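In each ligand, atom 1 is the first atom listed, and ligand 1 is the first ligand listed. All values reported here derive from a predicted model rather than from experimental measurement.
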Amino acid sequence: MTTVPTDMRPRNAGANLKTGAAWMRGRVMPIGEAAIPLNDWGLIHSDITYDVVPVWDGAFFRLGLYVERFFRSMESLRLDPGMSEAAVKTVLHDLVSATGLRRAYVAMVTSRGVNAVPGSRDPRDCRNHFFAWCVPYIHVIRPDIAQSGASVHVARTVTRIPASSVDPRVKNYHWGDFTQGLFEAKDAGAETVLLLDQQGNVTEGPGFNVFSIKNKHLVTPAAGVLEGISRQTVLEIGAELGLVTETRTLPLEELLQSDEVLISTSGGGVAPITQIDDRLFSNGSPGELTTAIKERYFEWAGSPAYRTEIDYEGA
Ligand SMILES: Cc1ncc(COP(=O)(O)O)c(C=O)c1O
């Protein structure tokens, strides 16, 4: 694996970088020093894509799947990172290695960049900009809450942006719908929010996919959502545990009739949902199958088959 040249690494990297670091233009730096220009289209037009891979106990989990999805997103938006998948993996590896973080949230980002032709409104004139950053691991649902089961509010004032406008399979920063929904959820005393599509079917929440378990059927929405890597892992684990797995339309009324509800995210793996609005699931505590899936998820995260170990010695 090629490394970031040592002369580009800050001295005493472990001490400087353990709260977060970025890789920009070939240099690793403390995250507080990383910046993009104010006229970058990523900032002024949300013209940007990203992906996030978790690091568990010193190894990336399913790294190849995340980097492949990142490249699919860039292709869809006609963004060019200017490097290969292998080179992106090397950057991520060297970045995490330089921080010494053994549990980390690692983001890879490509922005449309700054328009190189003064006055041009043509996206083809922009210089695309790839960068990466990592911070200590982030949980979408706080671990203590994920342990006992989280409450979800179904948004009423906002629906998910239609997939025909912004393709949710391309990871994006168009979070206006989620943020409005989160305000609604917090005001209602719930932990997080679930958005419906314009027909009243379940989509997803800010940073997670959702699953219904009913009579040993594990169901998750097929469309209008990010095809989460954790969602894929949960579907694979579900099949391994003998559940019937289904990706299809999931109306809210059906979700509310579930035996168990769970969410999947790279920011915490699997978390039980024990309440949606006023409805309690499995008597308000994590269900048996959800717990089994969650345990298996962390066994997979520890398995050499899915891990890309980080070499911290080279940092
Ligand atoms: C909108 C949305 N849905 C679902 C997910 C879960 O995807 P993954 O399991 O790949 O983290 C995320 C993750 O950030 C997300 O932002």
Q.
If you take the centroid of each ring, where Trp contributes its six-membered ring, are Phe178 and Trp175 closer together than 6.0 Å?
A. yes
Q) Can you say whether the rings of Tyr306 and Trp300 are parallel (under 30°), tilted (30 to 60°) or perpendicular (over 60°)? A)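 Ring orientation of Tyr306 relative to Trp300: parallel.
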Any protein N or O within less than 3.5 Å of an N or O in ligand 1? List each pair with its distance, or say none.
from: ligand 1; atom 1: 3 (N); to: Glu204; atom 2: OE1; distance (Å): 2.7
from: ligand 1; atom 1: 9 (O); to: Ile229; atom 2: N; distance (Å): 3.4
from: ligand 1; atom 1: 9 (O); to: Ser230; atom 2: N; distance (Å): 2.9
from: ligand 1; atom 1: 9 (O); to: Ser230; atom 2: OG; distance (Å): 2.6
from: ligand 1; atom 1: 10 (O); to: Arg69; atom 2: NH1; distance (Å): 2.9
from: ligand 1; atom 1: 10 (O); to: Arg69; atom 2: NH2; distance (Å): 2.9
from: ligand 1; atom 1: 10 (O); to: Ile229; atom 2: N; distance (Å): 2.8
from: ligand 1; atom 1: 11 (O); to: Ser266; atom 2: N; distance (Å): 3.0
from: ligand 1; atom 1: 11 (O); to: Ser266; atom 2: OG; distance (Å): 2.5
from: ligand 1; atom 1: 14 (O); to: Lys171; atom 2: NZ; distance (Å): 2.6

**Q.** Worked check of ring-ring contact (aromatic ring centres under 6.0 Å, His included) between Phe130 and Tyr50
**A.** CA-CA 9 Å; Phe130 166 79; Tyr50 75 113; over 10 Å; no
Q: Looking only at non-hydrogen atoms, find the nearest pair between Thr220 and Arg231 and report the distance.
A: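 Between these two residues, the closest heavy atoms are CG2-NE, 3.7 Å.
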(Q) As a quick check of understanding, evaluate side chain to side chain contact (heavy atoms under 4.5 Å, CB included) for Asn201 and Leu250, giving each step before the final call. (A) CA-CA 6 Å; Asn201 298 309; Leu250 177 59; over 6 Å; no
Q: Report yes or no: is the cationic atom of Arg279 (NZ for Lys, CZ for Arg) closer than 6.0 Å to the six-membered ring centre of Phe281, at no more than 45° off its axis?
A: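 Positive - Arg279 is close enough to the ring of Phe281 and near enough to its axis.
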